[in-house]
Number of protein chains: 2
Amino acid sequence: MSSTRRPALIHPLVQDLSLVDVLHALADPTRLTIVNTLHESGERACGTFPVTVAPSTLTHHFRVLREAGVVRQREEGKHRWTALRDEDLQARFPGVLETILASEQTA
Amino acid sequence: MSSTRRPALIHPLVQDLSLVDVLHALADPTRLTIVNTLHESGERACGTFPVTVAPSTLTHHFRVLREAGVVRQREEGKHRWTALRDEDLQARFPGVLETILASEQTA
DNA sequence: TTCAATGTACGACATTCATCGAAAGGAGGC
DNA sequence: GCCTCCTTTCGATGAATGTCGTACATTGAA
């Protein structure tokens, strides 16, 4: 069968995104690094981020980002790919992610 | 003597502001309400914010905002006045506070 | 089939956090 | 001096958070 994989990943709808949740998701050094890396280089596999935490910790951070609507994840073979939800965030909270990432660059 | 008041309030310098700290300070409903109220109506006394938490909790939130560099507080007689550090934040993290408050308005 | 690679799930742990109530303290008015 | 108003400090408490190690599941290759 082709449908016996892991449970499908849940992503909140655009209209359900909460500003407080998004800010909370971004208010962590490791997660901000993840988001910044995604912004610079597009979709990536989980293990390819320039952070120094245990794999299980990384999984935790991805879940926080995913449930806040900041990233989208999809399964493909051995990898789980992660991408920024730029457009959704821009539609819901115009300029917020953009300006935060710009400040992060110059910080 | 005129210098026997409470310890002077400490405010971080503009160049010492941390983006993660600012985001963390804003990632709370009560504090976001405080910041939004300040943005709409300028400087205010502590007890005049439209929030429903205990006075001691409010003091806690003001300290978080102050130490992150989001607000500035000054003593005057019986009151402690609180104001947004709009310009400092704009200089350090251009557009960040602005876009967050704009999104908060329409949320 | 066996193995290595990738990433998750679970449980544990120490820390931080938001919240409150009670007590205290400075400022101004009586 | 005394009292009231505004705000802080302290201590406590329950919840959330970031971290890890271990075990497990899935995939693709040897």
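Chain identifiers are assigned alphabetically (A, B, ...) following the order of the sequence lines, protein sequences preceding nucleic acid strands; residue numbering begins at 1 within each chain.
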Which nucleotide wins on minimum distance to the side chain of [X], given the candidates [options]?
X     : options                : answer
A:H79 : C:dA18, D:dT7, C:dT6   : C:dT6
B:V53 : C:dA18, C:dT19, D:dC5  : C:dT19
A:H60 : D:dG18, C:dT6, D:dC20  : D:dG18
B:P55 : C:dG7, C:dA27, D:dT8   : D:dT8
B:H24 : D:dC20, D:dT7, C:dC17  : C:dC17
B:A54 : D:dG28, C:dC20, D:dT22 : C:dC20
B:T30 : D:dG18, C:dG7, C:dT19  : C:dT19

Output the rounded distance in Å from [atom1] ([X]) to [atom2] ([N]).
X     : N      : atom1 : atom2 : value
B:D28 : D:dT17 : CG    : C1'   : 14 Å
B:L23 : C:dC17 : CG    : C1'   : 17 Å
A:R66 : C:dG7  : CZ    : C1'   : 12 Å
A:E75 : C:dT8  : CD    : P     : 8 Å
B:L9  : D:dT7  : CG    : P     : 13 Å
A:E67 : D:dG18 : CD    : P     : 12 Å
B:R44 : D:dT7  : CZ    : P     : 12 Å
B:L58 : C:dA18 : CG    : P     : 13 Å

How far apart are the C-alpha atoms of B:V20 and A:D28, what are their side-chain angles, what is the distance that settles it, and do they pass the side-chain contact (heavy atoms from CB on, under 4.5 Å) test? CA-CA 6 Å; B:V20 168; A:D28 175 274; 5.8 Å; no
Can you find a side chain N or O atom of [X] that sits less than 4.0 Å from OP1 or OP2 on [N]?
X     : N      : answer
A:R80 : D:dT27 : no
B:T59 : D:dT8  : yes
B:H61 : C:dT19 : yes

Could you check B:V22, B:L19, B:L89 and say which one makes a side-chain contact (heavy atoms from CB on, under 4.5 Å) with A:S103? B:L19
Can you name the one residue among A:T30, A:N36, A:T37 that meets side-chain contact (heavy atoms from CB on, under 4.5 Å) with A:T33? A:T37
Sub-3.5 Å donor-acceptor pair from the side chain of B:T57 to the main-chain atoms of B:V53, do we have one? no
Tell me whether A:R74 is salt-bridged to A:E76, with the criterion being a basic N under 4.0 Å from an acidic carboxylate O. yes
Please compare A:S56 and A:E76 by the position of their nearest nucleotide in DNA chain D and report the one closer to 5'. A:S56
Heavy-atom donor-acceptor pair, A:T57 side-chain to D:dG18 base, under 3.5 Å: no
